[in-house]
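Below is one structure, written out as structure tokens; comments come after it.
These numbers come from the heavy atoms of this one structure, side chains and all, not from hydrogens, waters or symmetry mates. To find a chain, count down the sequence lines: A is the first, B the second, and so on, and within it residues start at 1.
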Amino acid sequence: MPKYTSLSQIQTALHQGDTTLAAIVAYYLTQIEAAQALNAYVEVFAEEALQRAHALDARFRDDPAAVGPLFGMVISIKDVLCYAEHEVTAGSRMLAGFRSLFSATAVERLLAADAIIIGRTNCDEFAMGSSNENSCYGPVKNAADPTKVPGGSSGGAAVSVQADTCLAALGTDTGGSVRQPAAFCGVIGFKPSYGRISRHGLLAYGSSFDQVGIFAHSIADTALLLEIMAGPDAFDSTAGTSPVEAYSQHLQFAGKAKIAYLAPALHHEGLDEGVRAAALAFIDQLRAKGHTVEPIDFDYLDYIIPAYYVLTTAEASSNLARYDGVRYGYRSPAATSLDATYKKSRTEGFGAEVKRRIMLGTFVLSAGYYDAYYTKAQQVRRLIFDKTRAILSDFDFILMPAAPTTAWALGEKTDNPVAMYLADIFTVQANMVGMPAISLPVTQHPNGLPIGLQLMANQWQEQRLLAFSNEVMLNIL
Amino acid sequence: MSSNYETIIGLEIHVQLATHSKAFCGDDARFGGAPNTQVSAISLGHPGTLPRLNRRQVEFAARLGLALDCAINLVSTFDRKNYFYADLPKGYQITQDRQPICVGGHIKIDTAEGTKTICLHHIHMEEDAGKSMHDADPHHSLIDLNRAGVPLLEIVTEPDLRSADEVDALMSAMRQLVRYLDISDGNMEEGSMRCDCNVSVRKQGDTHLNNRCEIKNVNSMRFARRAIEYEVQRQIGIMEAGGTVKQQTLNFDPETGITTPLRSKEDAHDYRYFPEPDLPPVVITPQQLEQIRTELPPLPWALRARLRTQYALPEYDTQLLTEEKAVAQFFLALAQCTTQYKAAANLMINKILPWCQEQKVAIEQFPVAHAALASFIELIDTGQVSNSNAYQRIFPQLIEQPERTPLAIAQDLNLLQTADEDFLESIVDAVIAKNPDKVAAYRKGKKGLLGFFVGEVMRQSKGKAEPKTTNALLIKLLEKQ
């Protein structure tokens, strides 16, 4: 059981003088030390976190009102988010030693609210993976069972919260990279609407899918972190301009929700029996509380993963072109010409999965194949968007398991990329349509591993989604 | 043999926009900084950076599009053009492929056969790449990324041009236009304007288009002309020998004057264009477009017409006076102060423009006010000062002391002409007395000598003799036996 499960606990303790921020940071540093075998962190900012904690403690002693709303928040950031003057490597040899000149907007806003960033977490290389086994720093292990994967790509972030090494974590979610590891690790994992949080300073994988996400123990913390990071940003033209609500102030869900679940998802052949049973039990609990839950048809489930991989790899093939060994990052010592610099640096700098996706993306954009793959996938995306929107005009939320199985064994799927890709079958939809979705740690599988169920809402409906999630966490489970 | 063939040319003209900052970030976009000083994390393509649209380039594009009668797309989109090169930091160029900002349009050029209309296919916005220098160092290529991300407009013409002369005329017209519109300095030497030439030839009378070759790296009009002339002869040579021209991209080497293949159609780049996910569509509202239309400056062809009709200036003068917008504006301002339009044009063409050129200053910096120039013209027109005195003596003084009136200067220099008959008669008498044989010759019928006497009187009077009165007086006294 974590020592603290919400920021309000910590802030209460700080206000009552029971502890200091420095003591809390010290506690988390000890926890990190103890959990080292899980390989969740690639770098711990121990000294500067402590220094910052002392400085904030001093400011707080002088004037308790002089600290920001995240005073007491100790948070980790995934190794794809820029933090000025700190390394950011995307779990890749390609960026070994690269220091960012600037901070991601999300990070900047956390710092401005007096959060403490305790370290950067391990992840799949360039956020490409579902098990956190594609990292140049080696795999992350699930704290619930270290023989199991934590999920991916934000595996380190999920484990950092699961193992009580920090109160919350920032991850990124392109196709489920926050929600799926959250489900595997038994914590809350939230992906806001596309554009809700600026992508400035997020190392791009699939630009039209990428979104910063949050791992936490409580909905209150999730809502507060969103509230602070969300909103327009001059550095990201795709950041949404719709007003940021005071999510953390309105977490009571009034009335009854109307929830749809995708019938084909619950009957999917890849769905584990234990996960199905958990979902069905949860539906019963919801109904018992007076909420409406109805099955609906959805014909596109099996097209989601192929379309997603065509589109994200297409964007990735272009997004990762900048890692060429010319201006920064890894340059092969064997390169003697421009052409060789590209070929050797990229061959040696990127891992196998990243190269697979770059080649796949390059292929689907190539003359002669473009229409059959890229254009077709765009059309599928549109159909899925229209259908999802239609469902969400009749229902408040769509319910699905976050993942078809619980965490699998390390190494189990590394030789079968397609099997690995199917682990994202339930999470990808939210990214395809740009809508917010959350994975809630609802129960345990008979195998002892956590199960997460997912709720998705219409675009910009974070407020309702979080309020209902809060209702689920506090009153239904 | 050449005369049996028709040359077909289409251009892709790149115009570097004179915005203060780059197309997608705040870096200084001006030319001439020390290498790699006008860069930032964004223009260097650092991880995590995103483009942010500089709205100024959209406005500039719309200005050019409106001036060229293009249809303006109120919604246009950006795409990525993917290729690897050392001076392309992101590994792709942000450009407009599917939905460019301007479509269609046309421009008129002057050719030997008269005015000709060249149709445009479209104009799109894109960002420039950095600059590679391959001969500055024996072992390395050097890269300057100051230019990376500078906004460009690419104007793509239809294959409507028929000769290097027409290419020249189009490039001149385009350069003049972008300067009028204040969107670019149009300077080919600094690379602000460049063009790729698509050249093909066909037998006279044929209507189909043969394979074309694209000549890259043409950075001056002189090179463009040589490259086109060389390429036309090369293609005719191939066809005369019974061959077929291969579609390919060529590089023109100004050193050797020949074009060499850069790549053939088979290994042409596959740029894998796809929609730029980091930039939402560019939207111009009808109101914004109307605003831009209202603020368009008068265009060169409109000004030429006005100078011809309203001010009755000859074609030669209108060409010279509309070459640059500032010059035309100077003339228009001057024409507000005088009705002697032709005299005003002459003054500008013969004195003011050459002076500015000598001093290397813009016409806006010419020190003398329009009103003073108008009085200067009036001094000549009313016969108060001789043309030559005015031009040679008063004008330089006026530039030195622009705060003084031309009349005051004329008085100071004692250059005011006089029609005073007593004064003139004494000089005329003296001249007649001094030249008895010429007087005799005149009286015997050599009337052409009158000019000699007028000149003498002018010289004696130091130009102060008013010519009309002097003439009449001379005739009267010479005729008197």
Side chain from CB out, backbone as N, CA, C, O: work out which of these in B:Asp278 comes under 4.5 Å of a heavy atom of chain A, or both, or neither. both

Interface moiety of B:Tyr85 toward chain A, non-hydrogen atoms closer than 4.5 Å: both

Partner chain B: residue of [options] with the largest heavy-atom pair count (under 4.5 Å):
options                                : value
A:Ala204, A:Ser208, A:Ser318           : A:Ser318
A:Tyr323, A:Phe235, A:Tyr370, A:Tyr328 : A:Tyr328
A:Leu202, A:Asp339, A:Val88, A:Val326  : A:Leu202
A:His200, A:Arg199, A:Gln378           : A:Arg199

Using a 3.5 Å distance criterion without hydrogens, assess whether the side chain of B:Asp270 forms a donor-acceptor pair with backbone atoms of A:Ser366. no

Any side-chain to backbone donor/acceptor pair from A:Arg322 onto B:His46? Under 3.5 Å, distance only. yes

So for [X], is it side chain, backbone, both, or neither that comes closer than 4.5 Å to the heavy atoms of chain B?
X        : value
A:Ala90  : neither
A:Ala367 : both
A:Tyr205 : neither
A:Leu95  : side chain
A:Ser100 : neither

Is there a side-chain contact between A:Arg327 and B:Leu145 in this structure, where contact means two heavy atoms from C-beta onward sitting under 4.5 Å apart? yes

Would you indicate whether [X], at its atom [atom1], is surrounded by more than 12 heavy atoms from other residues, nucleotides or ligands within a distance under 6.0 Å?
X        : atom1 : answer
B:Arg63  : CZ    : yes
B:Arg98  : CZ    : yes
A:Tyr373 : OH    : no
A:Lys343 : NZ    : no
B:His121 : NE2   : no
B:His139 : NE2   : no
B:His140 : NE2   : no
A:Tyr369 : OH    : no

Between [atom1] of [X] and [atom2] of [Y], what distance do you get to the nearest 0.5 Å?
X        : Y        : atom1 : atom2 : value
A:Asp236 : B:Thr49  : CG    : OG1   : 11.5 Å
A:Asn319 : B:Tyr92  : CG    : OH    : 5.5 Å
B:Leu50  : A:Asp233 : CG    : CG    : 8.5 Å
B:Phe78  : A:Ser237 : CZ    : OG    : 10.0 Å

For chain A, which of B:Pro275, B:Gly45, B:Ser141 has the most heavy-atom pairs under 4.5 Å? B:Gly45

Sort out for me which of B:Pro89, B:Pro280, B:Gly91 touches chain A most, counting heavy-atom pairs under 4.5 Å. B:Pro89

Distance-minimising heavy-atom pair for [X] and [Y]:
X        : Y        : result
B:Arg80  : A:Ser207 : NH2-OG, 3.8 Å
A:Leu101 : B:Ala41  : CD1-CB, 4.2 Å
A:Ala234 : B:Arg52  : O-NE, 3.1 Å
B:Pro47  : A:Phe102 : O-CZ, 3.6 Å

What class does the angle between the rings of B:Phe84 and A:Tyr342 fall in, given that below 30° is parallel, 30 to 60° is tilted and above 60° is perpendicular? tilted

